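Working notes, structure below.
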Amino acid sequence: MSVLPTHHRTVTVRGHEIAYREAGPADAPVLLLLHGFPTSSHMFRDLIPLLADRYRLVAPDHLGFGRSATPADFAYTFAGLAALTSEFTEALGLDRFALYIQDYGAPIGLRLALAHPERITAIVTQNGNAYEEGLGAEAWAPVLALIEERTPETEEPVRAIRSPEGIRWQYETGVPAAYRDLLSPDAWHHDAALMARAGQDEIQLDLIADYGSNFALYPAFQEYFRTSRVPLLAVWGEGDQVFVPAGAEAFRRDLPDAEIHLLPTGHFALETHAPAIAELIGDFLGRRVLRP
């Protein structure tokens with residue numbers, strides 16, 4: 001089987017340059033891949049070639065991340081990123097698509113689903129949370145303190161999350177020894193370099209401080225699941241301490257037909273299990289999502 005190339009492109013949305021990866025036939029069903037913190041579309045580098053023979057894959061870098069612009073005058077909130085992502089899909093002519101959501105990509109993607117439920121054909125959530133029980137207590141303690149009151153004292157512990165050590169922790173924690181040598185150090189070095197750029201301290205603190213706005217939408221997300229009955233596949237690193245497995249299991253409460261797979265890995269499950277996740281996605285979308 002020949003491997004289709006991945007294109008690295010940009011598009012201007014509301015005056016901001018958005019970088020994105022794209023692969024697959026232009027007329028194939030679309031899978032929109034939304035990354036989390038602290039990474040970019042780089043996290044999908046192994047997955048995209050495994051699905052590009054069947055789907056059109058589009059993976060943007062959120063504004064402030066990856067190769068996208070990092071304007072200082074943008075209000076970095078999840079509502080703002082979701083609105084920009086919606087305009088990105090319109091700029092590319094994506095009127096129906098499945099979502100792949102991970103970490104920050106979850107509230108961004110689910111806000112898209114609330115605004116335009118008719119556009120969403122399915123959801124693949126990979127450690128992308130929508131339930132309070134999915135929050136790992138220890139990992140979230142400093143973030144919750146910042147959300148409750150933003151002060152220099154509550155900001156300082158959160159800064160460690162985007163340090164080289166904090167980023168590496170997110171990649172390695174919860175990954176069993178048998179899979180540890182599948183982790184490429186290039187991944188956390190790549191993220192750490194981008195997180196060290198000028199302006200990132202303000203961008204990331206603003207977003208983390210705004211994460212409480214996502215908690216306020218959890219009931220709306222869950223109501224969307226119940227009313228839409230959207231096909232949902234959860235492929236979850238069971239060792240994740242940021243978004244714990246209870247968050248994956250919770251989807252069945254509102255979507256009884258949700259397909260849940262816990263994998264022996266951590267927060268960035270694609271680093272160790274991209275082939276297995278690609279197989280699960282291909283099977284799931286092939287059975288439960290019709291071609292347009």
Side-chain angles (χ1 to χ4, degrees), residues 13-14 16 18 20 29-37 58-65 74-135 143 147 206-236 243 246-260 281 284-285 288-290 292:
V13 179
R14 209 189 302 167
H16 304 300
I18 303 297
Y20 65 100
V30 176
L31 179 59
L32 180 67
L33 306 159
L34 300 181
H35 70 82
F37 171 89
V58 178
D61 293 347
H62 303 312
L63 196 74
F65 293 79
F74 183 81
Y76 287 92
T77 66
F78 284 89
L81 290 183
L84 205 66
T85 303
S86 181
E87 292 179 39
F88 166 82
T89 64
E90 292 163 4
L92 268 61
L94 309 180
D95 55 5
R96 279 178 62 76
F97 46 85
L99 285 170
Y100 184 119
I101 54 176
Q102 193 264 352
D103 192 89
Y104 277 12
I108 292 171
L110 293 175
R111 286 170 186 263
L112 294 185
L114 290 184
H116 296 286
E118 75 283 356
R119 297 182 183 177
I120 310 304
T121 59
I123 295 174
V124 177
T125 173
Q126 184 257 293
N127 300 76
N129 193 56
Y131 294 88
E132 289 187 9
E133 52 262 60
L135 304 174
V143 176
I147 290 170
D206 285 352
L207 279 173
I208 294 171
D210 184 59
Y211 205 94
S213 69
N214 298 321
F215 299 151
L217 285 177
Y218 276 8
F221 295 159
Q222 294 158 18
E223 176 65 16
Y224 160 72
F225 298 146
R226 289 192 295 272
T227 57
S228 70
R229 314 303 276 182
V230 62
L232 184 136
L233 169 69
V235 283
W236 211 275
F243 295 119
E249 300 287 0
F251 284 103
R252 283 205 183 101
R253 188 163 67 230
D254 297 304
L255 289 168
D257 293 333
E259 300 180 22
I260 314 295
I281 292 173
F284 168 73
L285 294 180
R288 300 191 60 181
V289 180
L290 299 177

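It should be emphasised that the depicted structure is a prediction, and the values quoted were computed from it without experimental measurement.
Heavy atoms only, all atoms of each residue included: Asn129 and Gly134 are closest at OD1-CA, 3.3 Å. Across all their heavy atoms, Leu84 and His16 have their closest contact at CD1-CD2, 4.4 Å. Between Leu285 and Ala98, the shortest heavy-atom contact is CD2-CB, 4.3 Å.
How far OH of Tyr224 is from CG of Asp254: 12.5 Å, rounded to the nearest 0.5 Å. Distance CD1/Ile120 to CG/Leu99: 4.0 Å, rounded to 0.5 Å. The structure places OG1 of Thr89 at 7.5 Å from NE2 of His116, a figure rounded to the nearest 0.5 Å. Annotation: the span from Thr85 atom OG1 to Tyr20 atom OH amounts to 14.0 Å, rounded to 0.5 Å.
Counting only residues at least two apart or on different chains, the salt bridge (Lys or Arg N to Asp or Glu O under 4.0 Å) pairs with a member in residues 112-127 are Glu90-Arg119. Residue pairs meeting the salt bridge (Lys or Arg N to Asp or Glu O under 4.0 Å) criterion with at least one partner in residues 122-135, sequence neighbours excluded, are Glu133-Arg253.
Residues Pro256 and Arg226 fail the side-chain proximity criterion, which asks for heavy atoms closer than 4.5 Å. Using a 4.5 Å heavy-atom cutoff, the side chains of Leu33 and Gln102 are not in contact. Side-chain contact between Pro60 and Leu32 is present, with heavy atoms from C-beta onward closer than 4.5 Å. Taking the side chain as every heavy atom from C-beta outward, Leu81 and Leu207 approach each other to under 4.5 Å. Taking 4.5 Å as the limit, every side-chain heavy atom of Phe97 sits out of range of all side-chain heavy atoms of Leu31. Residues Asp210 and Tyr76 form no side-chain contact, since every pair of their non-hydrogen atoms from C-beta on lies 4.5 Å or further apart. Side-chain atoms of Arg288 and Leu233, non-hydrogen and from C-beta on, never get closer than 4.5 Å to each other. Looking at heavy atoms from C-beta onward, Leu135 lies out of side-chain contact with Val143 at the 4.5 angstrom threshold.
Side-chain atoms of Gln222 come within 3.5 Å of backbone N or O of Ala130 as a donor-acceptor pair. When atom types are taken as modelled, the side chain of His35 and the backbone of Asp61 share no donor-acceptor pair closer than 3.5 angstrom. A distance-only check finds no donor-acceptor pair linking the side chain of Ser86 to the backbone of Ala82 [under 3.5 Å].
Aromatic ring centres of Tyr131 and Phe221 lie farther apart than the 6.0 Å criterion allows. Between Phe215 and Tyr218, the ring center distance clears the sub-6.0 Å criterion.
The aromatic rings of Tyr104 and Tyr211 lie tilted to each other, with the angle between the two planes from 30° to 60°. Aromatic ring orientation, Phe37 versus Phe65: perpendicular (interplanar angle above 60°, classes split at 30° and 60°).
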Stepwise side chain to side chain contact (heavy atoms under 4.5 Å, CB included) check, Val235 with Phe284: CA-CA 11 Å; Val235 283; Phe284 168 73; over 6 Å; no
Could you go through Ile18 and Leu63, starting from their C-alpha distance and side-chain angles, then the distance that decides it, and tell me whether this counts as side chain to side chain contact (heavy atoms under 4.5 Å, CB included)? CA-CA 7 Å; Ile18 303 297; Leu63 196 74; 3.7 Å; yes
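Annotation: side-chain contact (heavy atoms from CB on, under 4.5 Å) contacts of Ala234 (sequence neighbours excluded): Thr125, Leu232, Trp236, Ala248, Ile260. Residues forming a side-chain contact (heavy atoms from CB on, under 4.5 Å) with Asp95 (at least two apart in sequence, or on another chain): none. Shown here are the side-chain contact (heavy atoms from CB on, under 4.5 Å) partners of Ala83, two or more places apart in sequence or in another chain: Arg14.
Looking at Asp257, Thr121, Leu255 one by one, the single match for side chain to side chain contact (heavy atoms under 4.5 Å, CB included) with Val230 turns out to be Leu255.
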Acceptor/donor pairs from residues 107-115 side chains to any protein atom, 3.5 angstrom cut, sequence neighbours excluded:
from: Arg111; atom 1: NE; to: Asn214; atom 2: OD1; distance (Å): 3.3
from: Arg111; atom 1: NH2; to: Ser213; atom 2: OG; distance (Å): 3.0
from: Arg111; atom 1: NH2; to: Asn214; atom 2: OD1; distance (Å): 2.8

